[in-house]
Amino acid sequence: MPIDAMTDTRRELTDLERPALEQAFADDGVPVFHARQVFGWLGRRGAAAFAEMTDLSRDLRTQLDAAYRIATPRIARRDTSVDGTTKFLLELGDGKLIESVFIPDTPAQTFCVSTQVGCAMRCAFCLTGKMGMVRNLTPGEIVGQVRVLARETGLVGQAFNVVLMGMGEPLHNYDATMSALRILGDEHGMALPARRVTLSTVGVLPALERLAGEAYMPNLAISLHATTEDQRDALVPVNRKYGLRDLIEACKRFPVKKRDRITFEYVLLDEVNDTPADARRLVRLLDGIRAKVNLLPLNEAAGIEFARPADDRIDTFARILADKGVIVSVRKSRGRDIRAACGQLLVEGAQRSPAQRLAQRL
Ligand code: SAH
């Protein structure tokens, strides 16, 4: 019989990095190499229970099952777009809901995962921001999304990219996010190379400085969206605390590897930040940074007061950047028909899970 999540006192195994798991095993007198085996089962083979780990003895599996829980987000709903993009609504152990998106062939297979339930950043054009901040995800919940999506898409053991561009601001949940990346990158587990991971952030500056010193260094994407302090204050409220000028200086100091570049994401909002003057300011702002620009024409949604610019405005903006030698691409929205595109991830408050309804009745 499954043990109720509320009364289950077992330790959560998926939150542990491998050295911590090895230590925990050693404390219980379990040979350390079994920790590596368990990591391999979870990361390389997509297992979700000790029962599947058939090269561990039956006794050991029973012992581990009594001491550890392996939490796996439950798929509450799945929507597939005409373009193959699949959005997963996942239910966590406490009934909270998050979304993760599988984007096939862009050109790689990509999993877009969440780092928080909701988001505190409240960017003016983003639906997740309208939810406000509910809670941080744990390392196991961040890794769990990758584990579930890899299994569901048949990509266990194959190459894929992970982008931290789902719900939440990764640098506002720094420790859990970095711990999750170390678990994903562990050579005994999924062994996901750092170059296959992209962390997208509004630029929480103290955390960005910390990121600069990490051993496991993902690609960096900065959600810029504006070229003046006033404009960015209005669109990305955290700018009032960590301003544009300081963000640009931090990017100049950021250790970018030889052939790499920082991606600057720029949501194009009709008649707000999409004029030729904006484009020229953007060129000047990025001068001296190994940058590439990813233009994101707004994905419109009810409750968002901005509009997507017409294609010729988008082209004009992109051409000004390109003519000045800035590497620029326009992001093709994937999964718009199932509201899986950037900024469209929202778990409606009214949409309660069975577990949430149950918890309320108790
Ligand atoms: N909090 C992080 C990662 C999540 S959002 C960040 O802000 O970078 C991923 C990207 O989608 C960000 O660049 C975000 O600004 C962008 N985005 C948000 N709402 C959008 C919308 N409605 N249309 C297009 N892009 C949007």
Side-chain angles (χ1 to χ4, degrees), residues 85 87 98-101 103 106 110-134 136-137 142 145 161-174 176-177 180-181 197-205 207-208 211 218-226 231-232 234-239 241-242 244 247 251 262-270 272-274 282 291-309 314 317 329-336 339-347:
T85 299
K87 180 166 79 166
I98 53 169
E99 292 185 322
S100 315
V101 183
I103 311 150
T106 55
T110 301
F111 300 144
C112 175
V113 304
S114 297
T115 53
Q116 297 178 317
V117 184
C119 185
M121 298 297 124
R122 297 187 183 277
C123 297
F125 44 79
C126 178
L127 271 188
T128 307
K130 304 273 178 222
M131 279 177 75
M133 169 70 172
V134 180
N136 281 327
L137 296 187
I142 299 171
Q145 297 169 65
N161 294 343
V162 171
V163 296
L164 304 179
M165 296 188 188
M167 301 164 82
E169 166 50 52
L171 294 189
H172 191 220
N173 182 18
Y174 189 87
T177 297
L181 295 188
V197 179
T198 299
L199 184 152
S200 176
T201 177
V202 290
V204 182
L205 284 188
L208 191 61
L211 181 66
N219 300 305
L220 181 62
I222 299 283
S223 289
L224 195 67
H225 308 321
Q231 197 184 36
R232 196 161 191 269
L235 296 177
V236 184
V238 78
N239 196 69
K241 190 160 181 195
Y242 305 117
L244 183 60
L247 174 58
C251 289
I262 298 177
T263 300
F264 289 86
E265 296 162 281
Y266 193 98
V267 171
L268 287 171
L269 308 170
D270 191 37
V272 174
N273 66 353
D274 67 338
L282 184 55
K292 58 183 172 194
V293 171
N294 193 199
L295 299 175
L296 289 65
L298 178 74
N299 293 311
E300 292 174 318
I304 301 291
E305 67 211 82
F306 301 100
R308 179 193 187 91
I314 299 170
F317 195 98
S329 57
V330 180
R331 186 175 296 175
K332 214 173 117 213
S333 308
R334 303 286 300 258
R336 273 210 277 167
R339 294 205 297 158
C342 292
Q344 297 192 312
L345 302 186
L346 167 79
V347 179

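The figures that follow rest on heavy atoms only: side chains count, while hydrogens, waters and symmetry mates do not. In listed order, ligands and their atoms are each counted from 1.
Taking every non-hydrogen atom of S223 and a distance limit under 4.0 Å, the qualifying atoms of ligand 1 come out as 6 (C), 7 (O), 8 (O), 12 (C), 13 (O), 15 (O). Short contacts between ligand 1 and G166, defined as distances under 4.0 Å to a heavy atom of the residue, involve ligand atoms 4 (C). Residue C126 approaches ligand 1 through these ligand atoms, each under 4.0 Å from one of its heavy atoms: 18 (C), 19 (N). Near L298, meaning under 4.0 Å from any of its heavy atoms, are these atoms of ligand 1: 21 (C), 22 (N), 23 (N). Within ligand 1, counting atoms from 1 as listed, the ones closer than 4.0 Å to a heavy atom of L296 are 11 (O), 16 (C), 25 (N). The G168 neighbourhood of ligand 1 comprises atoms 1 (N), 2 (C), 3 (C), 4 (C), with distances under 4.0 Å to a heavy atom of that residue.
The line from CG of N299 to CZ of R308 is 6.0 Å long, rounded to the nearest 0.5 Å.
Distances from atom 14 (C) of ligand 1 to the heavy atoms of R308, R331, H225 show the closest one on H225.
A donor-acceptor contact closer than 3.5 angstrom is absent between the side chains of T115 and E169.
For K87 and E99, the salt-bridge test passes: some basic side-chain N is under 4.0 Å from an acidic carboxylate O.
Proximity of T177 to N136: side-chain heavy atoms (C-beta onward) are nowhere separated by under 4.5 Å. For the pair V202/L247, no side-chain contact is recorded, criterion being any heavy-atom separation below 4.5 Å from C-beta on. Considering only heavy atoms from C-beta on, T198 stays 4.5 Å or farther from T263 through its side chain.
By the criterion of a heavy-atom distance under 4.0 Å, the side chain of V267, and not its backbone, is placed next to ligand 1. Residue contacts with ligand 1, taken as heavy atom pairs separated by less than 4.0 Å, involve E265 solely via side-chain atoms from C-beta onward.
Distances between N or O atoms of F125 and those of ligand 1 include at least one value under 3.5 Å.
In this structure, I304 falls outside the shell of residues with a heavy atom less than 4.0 angstrom from ligand 1.
Each of F125, F306, F264 was scored for a ring-ring contact (aromatic ring centres under 6.0 Å, His included) with H225, with one residue passing: F125.
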Margin query: What verdict does the side chain to side chain contact (heavy atoms under 4.5 Å, CB included) test give for V236 and S223, after you've listed the backbone C-alpha separation in whole Å, the side-chain angles of each residue and the deciding distance to 0.1 Å?
Written below: CA-CA 9 Å; V236 184; S223 289; over 6 Å; no

